[in-house]
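Heads up: the structure comes next, in C-alpha cells.
Positions are given from 1 along the sequence.
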Amino acid sequence: MTADEIRKIFGTPDPALTFKVGGQGLGNNDTLTGSLTRAEGESPGAYPIEVGSLLAIRIYQISVVGGQFLIQPLPPEPSL
C-alpha cells in the first residue's frame, strides 16, 4: 500500500492517515482492519507513516510505501 502524504499545522489535531492499495488490490471481499500510525513527535518536521495495527485478512502481507506526516510551523502573525 502507498500511504498518502498528510499535513497539519503545529498544535492542531492529527487528521486521519489514509492510503491506497496497490497491485491487484484486495480480492474475495477481503478487508483491512486496524489503522496506520506515524512516528511520535509534535515538533514541526516530517514523520514516517508506519503499518501500525493495520492487518489484512487471509494471505496478505502488508507493507507501507512512502507517505510522510508533515507538521508545518504556525504561520506568522500578520503585522498591523
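- Interatomic distance, R38 CZ to Y47 OH, rounded to the nearest 0.5 Å: 6.5 Å.
- At a threshold of 4.5 Å between non-hydrogen side-chain atoms, the residues L36 and E50 do not count as touching.
- In this structure, CG in D14 is found 10.0 Å from CD1 in I6, a value given to the nearest 0.5 Å.
- Atom CD1 of residue I49 and atom CG of residue L17 lie 5.0 Å apart, to the nearest 0.5 angstrom.
- Residues L54 and M1 have side chains in contact (heavy-atom distance under 4.5 Å, counting atoms from C-beta outward).
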Solution key, residues 67-77 side-chain donor-acceptor pairs under 3.5 Å, sequence neighbours excluded:
none

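- With sequence neighbours excluded, the residues satisfying salt bridge (Lys or Arg N to Asp or Glu O under 4.0 Å) with E5 are R7.
- Checked by atom type and distance alone, the side chain of T18 never pairs as donor or acceptor with a backbone atom of D4 at under 3.5 Å.
- The shortest distance between side-chain heavy atoms of K8 and P15 falls below 4.5 Å.
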